[in-house]
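Since the structure comes first, as structure tokens, the remarks are kept for the end.
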Amino acid sequence: MTIQIRNVSKQYGEFQALTDIELDIPKGELVALLGPSGSGKTTLLRIIAGLEAADTGSVLFDGEDLTDVHVKHREVGFVFQHYALFKHMTVFENVAFGLKARKRRLRPTAAVIEGKVHELLRLVKLDGFANRYPAQLSGGQRQRVALARALAVEPKILLLDEPFGALDAKVRKELRRWLRKLHDEFHITSVFVTHDQEEALDVADRIVVMNKGKIEQMGTPDQVYDHPASPFVYDFLGSVNLFRGRLHRGKLNLGSAQLEAPEHFHVLDTDAIGYVRPHHLSIERVKQSEDAISAKVFHSHIVGPVVHIELKREDTNEYVEAEISKEQFTKLGLQVGEIVYVRPKEVKVFVPEDFVI
């Protein structure tokens, strides 16, 4: 089922939560609403579900306007961050709840409900836990029960609000891979809210980056990470180094170095900022080109196969972070306090109008 959001706005008192949101979610896609706290992502999810009403605009499922349709008639499954399981019910009873709560004429027989619940518990790897209570489960297991309960009513759309936010890092990683696999089997149009960039990049087919109630960028994980549309998106999706200078005819002058920005060849003499991710910085012992920047090694620490190196630019005293492989680090033999040259392998330059939100 497709989801179309048309000119949706929402305000709480003086706070503008959403402003003129336009969004199309294709059938069968797993879409992440990504952004910091207060960006409007959860409000948008709740409006799609029917748990909140938009001030203006409309929500359509497969072209049918459901803006004023009650949540119970939208056929959506909703998974909350904190599980929202019934503590006094067993795992089986929790998963069966939505089916048993249907009107008598729509309610499956007890045998059908039992078969469906056990099928779902097998799917979420909890087939031996039917008679346990939520208090007897781990956080990851409880979240899987919540997902099974949402799927039991065969929703046309699955909505998840920070589904793994309350779990530790290792369990979160396992569950998001499991969710991706589950989605590939069910092909239900799914929308999940997260503030975790890695989670969105790892799981989603498409990412909607939100900021201050507006959509900054939509695209595949590769598109939004490799080709950020704004300084906000670049900064939000991982670590970044900022190189401030004067831009003229496609060259960003930093004083001691010059970075190429051919896409801005038409720009004449203006302030600009070059954005470079840590893994797009190479480290050299000898200056070999005009885009190499002199810096002093300040600190280094190894994280698995990657070495994070903090450096301080000699011209501005600003800190720069680089990421190189452990093999490269060993080969260079870098020592704290020595002078080296950092060179951007990829740089994205933004001019002042790019910063207007």
Checklist entry - Can I47 be reached from M218 by stepping across I, L, V, M, F, W or Y side chains whose heavy atoms are under 4.5 Å apart? => result yes

Item to check | Partners meeting ring pair (Phe, Tyr, Trp, His ring centres under 6.0 Å) with H227 (sequence neighbours left out) | outcome: none

Checklist entry - What salt bridge (charged side-chain N to carboxylate O under 4.0 Å, His left out) pairs are there with at least one residue in residues 15-35, not counting sequence neighbours? => result R6-E22, R6-D24, E29-R206

Checklist entry - Under 6.0 Å from the CD atom of E263, do we count more than 12 heavy atoms belonging to anything else shown? => result yes

Checklist entry - Do the ring planes of F86 and F97 sit parallel (below 30°), tilted (30 to 60°) or perpendicular (above 60°)? => result tilted

Checklist entry - Are any side-chain N or O atoms of T67 and backbone N or O atoms of D65, one a donor and one an acceptor, separated by less than 3.5 Å? => result no

Next on the checklist: Hydrophobic clusters here meaning ILVMFWY residues chained together by side-chain heavy-atom distances under 4.5 Å, can you tell me if L160 and L44 are in one?
Outcome noted: no

Checklist entry - Is I324 linked to I339 within one hydrophobic cluster, defined over Ile, Leu, Val, Met, Phe, Trp and Tyr using a side-chain heavy-atom separation of less than 4.5 Å? => result no

Next on the checklist: Pair L121, F129 - check side chain to side chain contact (heavy atoms under 4.5 Å, CB included), show working.
Outcome noted: CA-CA 8 Å; L121 290 179; F129 293 74; over 6 Å; no

Next on the checklist: Could you check whether any side-chain heavy atom of L158 comes within less than 4.5 Å of a side-chain heavy atom of F192, counting everything from C-beta outward?
Outcome noted: no

Checklist entry - If you round to the nearest 0.5 Å, how far is CG of L182 from CG of L147? => result 7.0 Å

Checklist entry - Given L242 and E318, is the side chain to side chain contact (heavy atoms under 4.5 Å, CB included) satisfied, shown in steps? => result CA-CA 9 Å; L242 306 184; E318 292 178 312; over 6 Å; no

Item to check | E260 bridged to K251 by N-O distance under 4.0 Å | outcome: yes

Checklist entry - Do other residues, nucleotides or ligands put more than 12 heavy atoms under 6.0 Å from K156 NZ? => result no

Item to check | Parallel, tilted or perpendicular, as decided by the 30° and 60° cut-offs, for the rings of F350 and Y234 | outcome: perpendicular

Checklist entry - Looking at side-chain heavy atoms only, is the closest gap between K331 and Q328 below 4.5 Å? => result no

Checklist entry - Has E327 got more than 12 heavy atoms of other residues, nucleotides or ligands less than 6.0 Å from its CD? => result no

Item to check | Whether R142 side chain and L137 backbone form a donor-acceptor pair below 3.5 Å | outcome: yes

Next on the checklist: Looking at R277 and S239, would you say the former's side chain and the latter's main chain have a donor-acceptor pair under 3.5 Å?
Outcome noted: yes

Item to check | Lys NZ or Arg CZ of K296 over F298 ring: under 6.0 Å, within 45° | outcome: no

Item to check | Within 6.0 Å of NE2 in H195, more than 12 heavy atoms from elsewhere | outcome: no

Next on the checklist: Has K41 got a side-chain atom pairing as donor or acceptor with P36's backbone, closer than 3.5 angstrom?
Outcome noted: yes

Item to check | Hydrophobic cluster identity match, I283 and L281, side-chain contacts under 4.5 Å | outcome: yes

Item to check | R74 (side chain) donor-acceptor with I48 (main chain) under 3.5 angstrom | outcome: yes

Checklist entry - If only atom types and distance count, is the side chain of Q217 paired as donor or acceptor with the main-chain N or O of A229 below 3.5 Å? => result yes

Next on the checklist: Donor-acceptor check, side chain of E338 to backbone of V297, threshold 3.5 angstrom: yes or no?
Outcome noted: no

Checklist entry - Is there side-chain contact between F61 and E75, with heavy atoms separated by less than 4.5 Å? => result no

Next on the checklist: Test your reading of the model: is there a side-chain donor-acceptor pair from K10 to the backbone of A53, 3.5 Å cut-off?
Outcome noted: yes

Checklist outcome for this item: Here the gap from S300 atom OG to E310 atom CD, rounded to the nearest 0.5 Å, amounts to 9.0 Å

Checklist entry - Between S294 and E314, which heavy-atom pair has the shortest distance, and what is it? => result OG-OE1, 2.7 Å

Checklist entry - What's the verdict on side-chain hydrogen bond (donor to acceptor under 3.5 Å, both in side chains) for S9 and Q11, showing C-alpha distance, side-chain angles and the deciding distance? => result CA-CA 7 Å; S9 294; Q11 189 167 344; over 6 Å; no

Checklist entry - Which heavy atom of L237 sits nearest a heavy atom of Y225, and at what distance? => result O-CE1, 3.3 Å

Item to check | Residue pair F186 / L123, side-chain heavy-atom distance below 4.5 Å | outcome: yes

Item to check | Closest approach of P221 to D205 (non-hydrogen atoms, all atoms of both residues) | outcome: CD-O, 3.4 Å

Checklist entry - Quick one: are the ring centres of F92 and H118 less than 6.0 Å apart? => result yes

Next on the checklist: Students often mix this up, so state it plainly: with edges at 30° and 60°, are the rings of H264 and H266 parallel, tilted or perpendicular?
Outcome noted: tilted

Item to check | Same apolar cluster (I L V M F W Y, side chains within < 4.5 Å links), I3/V193 | outcome: yes

Item to check | salt bridge (charged side-chain N to carboxylate O under 4.0 Å, His left out) partners of residues 89-116, not counting sequence neighbours, each pair once | outcome: K116-E154

Checklist entry - When rounded to the nearest 0.5 angstrom, what is the spacing between CD in Q16 and CG in D55? => result 7.5 Å

Item to check | Within-4.5 Å side-chain heavy-atom neighbours: P278 and N241 | outcome: yes

Checklist entry - Looking at P108 and L99, what are the two nearest heavy atoms and their distance? => result CD-O, 4.0 Å

Item to check | NZ/NE/NH1/NH2 to OD/OE distance under 4.0 Å, D291 and K345 | outcome: no

Item to check | Where G28 and H183 come nearest, the two heavy atoms and their spacing | outcome: O-CE1, 2.9 Å

Next on the checklist: Quick check against the 3.5 Å criterion: does T189 have a side-chain atom that pairs as donor or acceptor with the backbone of M1?
Outcome noted: yes

Next on the checklist: With a 4.5 Å cut-off on side-chain heavy atoms, are L259 and V349 touching?
Outcome noted: no

Checklist entry - If only atom types and distance count, is the side chain of D271 paired as donor or acceptor with the main-chain N or O of R246 below 3.5 Å? => result no

Checklist entry - At what distance, to the nearest 0.5 angstrom, does CD1 of I207 lie from CG of L30? => result 10.0 Å

